[in-house]
**Q** 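Before I ask anything, let me first share the structure, which is written out below as structure tokens.
Read the numbers this way: they start at 1 and go in the same order the structure lists the ligands and their atoms. FYI, side chains are in, hydrogens and waters are out, and symmetry mates aren't considered; it's all heavy atoms of this structure.
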Amino acid sequence: MNGQLLQGKTAIVTGAASGMGKAIARLFANQGAKVVLADLNKAAAEQAVQELPEGRGHAVQTDVADDQSVAAMIHETITTFGSIDVLVNCAGVPQAFTPIEELSLEQWDKIMSVNTKSIYLTTRHAVPHMKAGGKGSMINIASIAGIRARPGLNAYCASKGAAIMLSKALAIELAPFQIRVNVINPGPAETPMLGKFINGDEAEVEAGKRDIFISSVPLGALIQPEDIAEAALYLASDLSKIVTGEVMNVDGGRGI
Ligand SMILES: NC(=O)c1ccc[n+]([C@@H]2O[C@H](COP(=O)([O-])OP(=O)(O)OC[C@H]3O[C@@H](n4cnc5c(N)ncnc54)[C@H](O)[C@@H]3O)[C@@H](O)[C@H]2O)c1
């Protein structure tokens, strides 16, 4: 899809080296945005930039769970592109199905840090620039697991539920500044992450994708990264200028 819905806007997409974040960065750049691709995986983020139109992408190695790393990424965005109009928090980590008594403190802390604390960190550093610009759009990629639980995904469900409520709290706090905050809840999606929710060898992972995930989607198919990118484009652009605090399930009906 080519067009100009984001002409003149600068967007940050975290987790942009893979899966949904990469698809969002590509669609935003094709819609005229300048995009910072912020990801832990520097080589893959730089490769993703190569696939964008000339001058539309800039890779910044970032650990979204680290305050200094996020502050440096926001600073580099401003020095490179001059403003922040759109912030997409897409970076995340999965959880392999784990009974709660076997979940280590380290696993809990990592999932909460990358999936939830990261939104606090990117927001606190980006918001002063959005306030200075007089408006902005934040899109937080949570999960259908944030509103519909599954056994053994205890920390992951908690991290995404918290991300959803944090987004609503930010939406009401930032509305007077014309900064909109919305959530996309993907259902099971065809990205490198999906297999990592399943404990097992390659055959068990493939069977699990079919038996656990596809069978849980009423529309009968895995969600594609491009489906999420198209929802993010709506929320990033002025098409959704009166929409804030919304939680959009892009999940083939999994959340019904
Ligand atoms: N795949 C699914 O089925 C699914 C379903 C619902 C929600 N989600 C959520 O969607 C988002 C994108 O997932 P995806 O499926 O595209 O995953 P993915 O594994 O393809 O991509 C995740 C990206 O995040 C990056 N990342 C991980 N930790 C990071 C950190 N600390 N700092 C910076 N970058 C980091 C990785 O390097 C990777 O490029 C995640 O938040 C995920 O929880 C995924």
**Q** Where is the nearest protein heavy atom to atom 38 (C) of ligand 1: which residue, which atom, and how far?
**A**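 Its nearest protein heavy-atom neighbour is D39 OD2, 3.5 Å.
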**Q** Do other residues, nucleotides or ligands put more than 12 heavy atoms under 6.0 Å from the CD atom of Q68?
**A**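 Result for CD/Q68: open.
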**Q** Could you list which atoms of ligand 1 come closer than 4.0 Å to a heavy atom of P188?
**A** 3 (O)
**Q** Report the part of A16 in contact with ligand 1, treating N, CA, C, O as backbone and CB onward as side chain, heavy atoms under 4.0 Å; options are side chain, backbone, both, neither.
**A**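 Neither; no heavy atom under 4.0 Å.
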**Q** Heavy-atom distance to atom 11 (C) of ligand 1: which of S69, C90, G92 wins?
**A**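 Selected option, by shortest heavy-atom distance: C90.
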**Q** Given that the side chain starts at C-beta and the backbone is N, CA, C, O, which of these parts of L40 lies under 4.0 Å from ligand 1, counting heavy atoms, or is it both or neither?
**A**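 For L40, the contact with ligand 1 is made by both the backbone and the side chain.
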**Q** Using a strict 4.0 Å cut-off to heavy atoms of I141, name the atoms of ligand 1 that fall inside it.
**A** 10 (O), 11 (C), 41 (O)
**Q** Does some non-hydrogen atom of S118 fall short of 4.0 Å from ligand 1?
**A**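 Heavy atoms of S118 never come under 4.0 Å of ligand 1.
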**Q** Taking distance alone, with no angle check, do Y156 and ligand 1 share an N/O pair under 3.5 Å?
**A** yes
**Q** Which atom pair, heavy atoms only, marks the closest approach of I139 to A232?
**A**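 Smallest interatomic distance, heavy atoms only, reads CD1-O, 3.5 Å.
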**Q** Could you tell me whether ligand 1 has any atom less than 4.0 Å away from a heavy atom of A38?
**A** no
**Q** Can a salt bridge be assigned to the pair E106 and K110 using a cut-off of 4.0 Å between side-chain N and carboxylate O?
**A** no
**Q** Does some non-hydrogen atom of F213 fall short of 4.0 Å from ligand 1?
**A**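 No, F213 has no heavy atom closer than 4.0 Å to ligand 1.
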**Q** Please report the shortest heavy-atom distance between A17 and A44, naming the atom on each side.
**A**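 Smallest interatomic distance, heavy atoms only, reads CB-CB, 3.7 Å.
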**Q** Which bit of K22 is near ligand 1, meaning a heavy atom under 4.0 Å away: side chain, backbone, both or neither?
**A**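 Near ligand 1, K22 shows nothing, with every heavy atom at 4.0 Å or more.
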**Q** Closer than 4.0 Å to some heavy atom of L194 - which atoms of ligand 1 meet that?
**A**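 Here the atoms of ligand 1 in question are 3 (O).
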**Q** Heavy-atom pairs closer than 4.0 Å: do any link ligand 1 to the side chain of S18, the backbone, both, or neither?
**A** both
**Q** Minimum distance, heavy atoms only, to atom 30 (C) of ligand 1: which one of I24, T14, V64 is it?
**A** V64
**Q** Please classify the T62 to ligand 1 contact at 4.0 Å (heavy-atom distances, strictly less than): side chain, backbone, both or neither.
**A**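 For T62, only backbone atoms sit under 4.0 Å from ligand 1.
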**Q** Under the criterion side chain to side chain contact (heavy atoms under 4.5 Å, CB included), which of I24, L27, V13 is the partner of V35?
**A** V13
**Q** Enumerate the atoms of ligand 1 whose separation from the nearest heavy atom of G19 is less than 4.0 angstrom.
**A** 16 (O), 20 (O)
**Q** Indicate yes or no: at least one non-hydrogen side-chain atom of I141 is less than 4.5 angstrom from one of I228.
**A** yes
**Q** Using heavy-atom distances only, which candidate in A48, A189, A142, S113 approaches atom 7 (C) of ligand 1 most closely?
**A** A142
**Q** Which option out of T191, V60, V250, D66 puts a heavy atom nearest to atom 14 (P) of ligand 1?
**A**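 Considering heavy atoms of T191, V60, V250, D66, the nearest to atom 14 (P) of ligand 1 sits in T191.
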**Q** Holding to ring-ring contact (aromatic ring centres under 6.0 Å, His included), I want the full list of residues that pass it with F81, two or more places apart in sequence or in another chain.
**A**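 Counting only residues at least two positions away or on another chain, F81 forms no ring-ring contact (aromatic ring centres under 6.0 Å, His included).
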**Q** Would you mind listing which atoms of ligand 1 come within a distance below 4.0 Å of any non-hydrogen atom of K160?
**A**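 With K160 as reference, the close atoms of ligand 1 come out as 40 (C), 41 (O), 42 (C), 43 (O).
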**Q** Does this structure show an ion pair linking D67 with R124, if we count only N-O contacts that are shorter than 4.0 Å?
**A**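 Between R124 and D67 there is a salt bridge, with a charged N closer than 4.0 Å to a carboxylate O.
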**Q** Where the closest heavy atom to atom 42 (C) of ligand 1 is concerned, which of M193, K117, Q61, M73 has it?
**A**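 Looking at heavy atoms only, M193 sits closest to atom 42 (C) of ligand 1.
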**Q** Grab the two heavy atoms, one from D63 and one from S69, that are nearest each other, plus how far apart they are.
**A** N-OG, 2.8 Å
**Q** Taking atom CD of E54 as the centre, report whether more than 12 heavy atoms of other residues, nucleotides or ligands fall under 6.0 Å from it.
**A**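 Open.
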**Q** When you measure from the heavy atoms of D63 to every atom of ligand 1, does any distance fall below 4.0 Å?
**A** yes
**Q** Near Y120 OH, under 6.0 Å, is it more than 12 heavy atoms from other residues, nucleotides or ligands?
**A**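 For Y120, atom OH is not crowded (no more than 12 foreign heavy atoms under 6.0 Å).
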**Q** Kindly write out the residues that satisfy side-chain contact (heavy atoms from CB on, under 4.5 Å) with N249, not counting sequence neighbours, or none if the list is empty.
**A**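 side-chain contact (heavy atoms from CB on, under 4.5 Å) check on N249 returns I144, I147, N185, V247, D251.
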**Q** Could an N or O of ligand 1 be found under 3.5 Å from any N or O of M20, whether backbone or side chain?
**A**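 Yes: some nitrogen or oxygen of M20 is under 3.5 Å from one in ligand 1.
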